[in-house]
Amino acid sequence: QKEVEQNSGPLSVPEGAIASLNCTYSDRGSQSFFWYRQYSGKSPELIMFIYSNGDKEDGRFTAQLNKASQYVSLLIRDSQPSDSATYLCAVKAGTALIFGKGTTLSVSS
Amino acid sequence: DVKVTQSSRYLVKRTGEKVFLECVQDMDHENMFWYRQDPGLGLRLIYFSYDVKMKEKGDIPEGYSVSREKKERFSLILESASTNQTSMYLCASRQGTTEAFFGQGTRLTVV
């Protein structure tokens, strides 16, 4: 069974710090990777996607992919209290997206 | 904006009832999905559909069935609701390699 693993957290960082969220996946053939943010009681919303090895930056967010190590990460720079949420890593497996259990991030002001 | 709409935000049903959860998307996406989300277990795929009348089992299909008679609508059916099916149900749609767009979720309680 294809798996996506994340540390459940909580990950606690002070406001203005860098938050680092990590994800590993089992299917070596996976090609597409997504990071979703989910606030309590709300649906997941896409933050970033990445397909190629290396870094992809979008504002305060940077996604990093290392296919050889089967590892994808999300860095949040200048973390804000509004970034406090659960972050879900998702990997495309055929037609479906397989999700990790999520990492809860808490940013204290 | 892509819109995925689930018919109910909250539902309370009795054990043994047949329950229908409806999902409609307005972007002509081929692929639609039903997930359930439980604390500590994350999002788990129940069923998905890649075309009208086509369906595939996900990781936890037991106790559920689905129907896709029209491209825009994907229904999840609980044949005989049980208390262990109390959960948040999320519908999603996507096209090709793009991200999945989620509905607002249905919080189902089976009593």
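Labels below follow one simple rule: chain letters A, B, ... track the order of the sequence lines, proteins then strands, and each chain is numbered from 1.
- Contacts with chain A (heavy atom to heavy atom, under 4.5 Å) involve these residues of residues 31-42 of chain B, listed by number: B:N31, B:F33, B:Y35, B:Q37, B:G40, B:L41, B:G42.
- Of all residues spanning residues 83-92 of chain B, those with a heavy atom less than 4.5 Å away from chain A's heavy atoms are B:L90, arranged by number.
- Using non-hydrogen atoms only and a strict 4.5 Å limit, the part of residues 36-49 of chain A facing chain B consists of A:Y36, A:Q38, A:G41, A:S43, A:P44, A:L46.
- Taking hydrophobic clusters as Ile, Leu, Val, Met, Phe, Trp and Tyr residues chained together by side-chain heavy-atom distances below 4.5 Å, A:I50 shares a cluster with A:I98.
- Transitive grouping of hydrophobic side chains (ILVMFWY, heavy atoms separated by less than 4.5 Å) brings A:V91 and A:Y87 into a common cluster.
- More than 12 heavy-atom neighbours from other residues, nucleotides or ligands sit within 6.0 angstrom of CG on A:D83.
- In the hydrophobic cluster analysis, where Ile, Leu, Val, Met, Phe, Trp and Tyr join through side-chain heavy atoms closer than 4.5 angstrom, B:F48 is grouped apart from B:V66.
- Dense packing is recorded around CZ of B:R9, with more than 12 heavy atoms of other residues, nucleotides or ligands lying under 6.0 Å away.
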Could you list the donor-acceptor pairs under 3.5 angstrom formed by side chains in residues 17-30 of chain A, with sequence neighbours left out?
{"from": "A:N22", "atom 1": "OD1", "to": "A:Y71", "atom 2": "OH", "distance (Å)": "2.7"}
{"from": "A:S26", "atom 1": "OG", "to": "A:E3", "atom 2": "N", "distance (Å)": "2.7"}
{"from": "A:S26", "atom 1": "OG", "to": "A:E3", "atom 2": "O", "distance (Å)": "3.4"}
{"from": "A:D27", "atom 1": "OD1", "to": "A:G29", "atom 2": "N", "distance (Å)": "3.0"}
{"from": "A:R28", "atom 1": "NE", "to": "A:Q70", "atom 2": "OE1", "distance (Å)": "3.3"}
{"from": "A:R28", "atom 1": "NH2", "to": "A:Q70", "atom 2": "OE1", "distance (Å)": "2.7"}
{"from": "A:S30", "atom 1": "OG", "to": "A:D27", "atom 2": "O", "distance (Å)": "3.0"}

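- Put simply, A:L105 and A:F61 are part of the same group of oily side chains (I, L, V, M, F, W, Y) that touch within less than 4.5 Å, one to the next.
- Within a 6.0 Å sphere centred on CZ of B:R44, heavy atoms belonging to other residues, nucleotides or ligands number more than 12.
- Grouping the Ile, Leu, Val, Met, Phe, Trp and Tyr side chains by contacts below 4.5 angstrom, directly or via other members, places A:L75 apart from A:W35.
- In terms of non-hydrogen atom pairs under 4.5 Å with chain B, the most contact-rich of A:L97, A:T86, A:L88 is A:L97.
- Contacts of B:L45 with chain A are made by side-chain atoms alone, with heavy-atom separations under 4.5 Å and no backbone atom involved.
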